[in-house]
Amino acid sequence: MKRRLPVTLVASLLAVTSPFAVASCGEEATPPPKAPTVPAGPAATAPVQAPYGINDMPSSARPYDVPAQTAHPAMNAQAAALYQSGLQSFATGDLVNARAQFGQATQADPRAHQAFYSLGVVQERLRDAGAGASYRQAFTLVPDYEPAIIAYAMLLARKNQLGEAERLLNEKRGQMPKSAAVAATLAEIKSLQRDTGSAQRIAQEALKINPDYRPAMVIIARDHYRNRRLDLALYALQAILDGFEPVSENPPRDRDNAEALLLRGLIYREQGQRAAALEEFRKAVARRPDLVEARVQLATYLLEAGNAQEALPLLEGAVRFDSEHVAAHLNLGDAYRLLERYADAKREFDWVLARDPNLAQVHYDLGLLYLFAPAVPGMTPKQQVAEAIKSLTKYQELRNKGQRDDSEELLNRAKLKEGELNAAAAAAQPAAPPAAAADGGVADAATDT
């Protein structure tokens, strides 16, 4: 059976975003993760490129557009070699090894601010409590190192410490008045505080500092989206992604901006423009393979269409780049279920259940698994149908009131199947032998005589 995703769940899934899904649903966002400058020296003669996720420039920027940055000290050769290995691991989604290699780079050169920042990026994705300390160390070593300042401020925001994030950014803005990145991030914080007037004003100030700072443009669109000004959000996104006629005079500012593509895809999805949304999500994933929210959104569409085969690698990649992303694990379980990998599906659903037992959708998905799988390892058919009834009943308790779906039909099918199993079990019981007469057959003998 094809999965049916309740509309109300989409909003809840969007709220469970990766720290690096910078344009997800407007509930958390930042200028894209930036990162280590390629170190100088022999070890950096053929550096591993990090085109996304960890980068010293906005991930949406083209190299020739990047404003000149203050020269920062390069790490030593040993640290640089370890650092490049970390970049390679990150690019393939091997975050555990990336964390180890970046950590070794900081040990090889305790003043390697880029390595501390990159370590923080990976730690944050792995939900490692040391991420904040790594970010702070990076901008302690180099006080104007924007990537670490931005990342730490947004980490505070994701922990609902918006006031502390604002305080940090105001302090840094005083020290770095020409930093478009710091100003734009402050605009993001003001938007998260629902101060849309200040958010728009400060983002515009960031663009006055650097008219080509693309993250500020995305922040403006995202703030419009948060405040339900969808037409204005789409207008801002058009300026970034498409430009205006005549395009020769008003070209797109950054047609490959993954965060802008993701945000426009979310708006199109909300407006029911499925084909257009699907295309935006595809482009966003192609531009930023580490953009977990884009992967999850694209895979959700594919699962809704029953295309689990194409959704599977997207979701497996999503959990590599963010192992704690609940929606990615939930959808991955559903992809496994549709592909008849029932043990893998149950493992993913059990993982989600352990993280959020009150998430209605996981109970629905488990109900489908138990009801339709020919066999779930370790369970009898009777146990399966009993668990299907239990899961679907729990789903109905947790779902939004008034929501219409097929859970009642599924529940009736499960109960009918339970009845059939019970009837079959009863029919299979051997007939009981006839009871012997209490007088041991004396009465029969007397009758015969």
Side-chain angles (χ1 to χ4, degrees), residues 1-14 16 296 299-312 315-316 319 325-431:
M1 172 172 288
K2 185 175 70 176
R3 179 188 192 185
R4 300 184 183 181
L5 191 69
V7 173
T8 52
L9 178 66
V10 174
S12 67
L13 293 186
L14 291 178
V16 188
V296 171
T300 298
Y301 261 134
L302 295 170
L303 288 174
E304 289 172 350
N307 188 355
Q309 196 69 50
E310 188 178 351
L312 183 63
L315 294 165
E316 289 178 333
V319 299
H325 198 289
V326 172
H329 281 281
L330 180 67
N331 282 0
L332 180 57
D334 209 48
Y336 285 142
R337 179 185 65 81
L338 291 169
L339 294 171
E340 301 181 359
R341 294 172 57 176
Y342 301 121
D344 291 332
K346 189 172 186 304
R347 182 192 67 238
E348 296 301 319
F349 293 147
D350 286 345
W351 185 96
V352 174
L353 202 60
R355 297 309 192 277
D356 188 356
N358 292 319
L359 181 61
Q361 188 68 37
V362 71
H363 295 283
Y364 178 89
D365 289 352
L366 277 167
L368 293 180
L369 174 67
Y370 293 134
L371 181 58
F372 294 107
V376 174
M379 300 181 73
T380 66
K382 192 170 183 178
Q383 288 172 330
Q384 273 187 229
V385 75
E387 286 299 316
I389 293 171
K390 178 181 175 182
S391 296
L392 291 167
T393 301
K394 186 66 175 178
Y395 166 75
Q396 290 185 335
E397 293 173 3
L398 293 172
R399 67 181 174 178
N400 289 339
K401 303 306 177 187
Q403 179 176 316
R404 298 181 62 185
D405 53 50
D406 62 350
S407 61
E408 191 63 33
E409 175 191 343
L410 294 171
L411 194 54
N412 289 335
R413 290 184 66 172
K415 291 176 180 178
L416 180 62
K417 187 173 183 179
E418 182 180 48
E420 292 171 350
L421 288 172
N422 288 337
Q429 291 292 329

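Along the sequence shown, the residues carry numbers beginning at 1.
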* Applying salt bridge (Lys or Arg N to Asp or Glu O under 4.0 Å), which residue pairs with at least one partner in residues 389-401 are found, sequence neighbours left out? -> K394-E397, R399-D405

May I have the list of side-chain donor-acceptor pairs in residues 372-387 shorter than 3.5 Å, sequence neighbours left out?
unit_1: T380; atom_1: OG1; unit_2: Q383; atom_2: N; d: 3.1
unit_1: T380; atom_1: OG1; unit_2: Q383; atom_2: OE1; d: 3.4
unit_1: K382; atom_1: NZ; unit_2: N422; atom_2: OD1; d: 3.4
unit_1: Q383; atom_1: OE1; unit_2: T380; atom_2: N; d: 2.9
unit_1: Q384; atom_1: OE1; unit_2: V376; atom_2: N; d: 2.8
unit_1: Q384; atom_1: NE2; unit_2: Y370; atom_2: O; d: 2.9
unit_1: Q384; atom_1: NE2; unit_2: A373; atom_2: O; d: 3.1

Let me confirm one number: the [atom1]-[atom2] distance from [X] to [Y], rounded to the nearest 0.5 Å.
{"X": "L410", "Y": "N412", "atom1": "CG", "atom2": "CG", "result": "9.0 Å"}
{"X": "L315", "Y": "Y336", "atom1": "CG", "atom2": "OH", "result": "9.0 Å"}
{"X": "L330", "Y": "R355", "atom1": "CG", "atom2": "CZ", "result": "13.0 Å"}

What heavy-atom pair brings [X] and [Y] nearest, and what distance separates the two atoms?
{"X": "S391", "Y": "G367", "answer": "CB-N, 3.7 Å"}
{"X": "L369", "Y": "F349", "answer": "CD2-CD1, 4.1 Å"}
{"X": "A360", "Y": "L398", "answer": "CB-CB, 3.8 Å"}

* To do: For E310, check salt bridge (charged side-chain N to carboxylate O under 4.0 Å, His left out) against everything at least two apart and list the hits.
  => R282

* **Qualifying residues under salt bridge (charged side-chain N to carboxylate O under 4.0 Å, His left out), relative to K346, sequence neighbours excluded** => D350

* Sequence neighbours left out, what passes ring pair (Phe, Tyr, Trp, His ring centres under 6.0 Å) with H329? Give chain and number order. => W351

* **Side chain H363, main chain L353, donor-acceptor under 3.5 Å** => no

* In chain order, what residues pass the side chain to side chain donor-acceptor pair (under 3.5 Å) check against Q309, with sequence neighbours excluded? -> none

* Asked: Do Y364 and D406 have side-chain N/O donor and acceptor atoms under 3.5 Å apart?
  -> yes

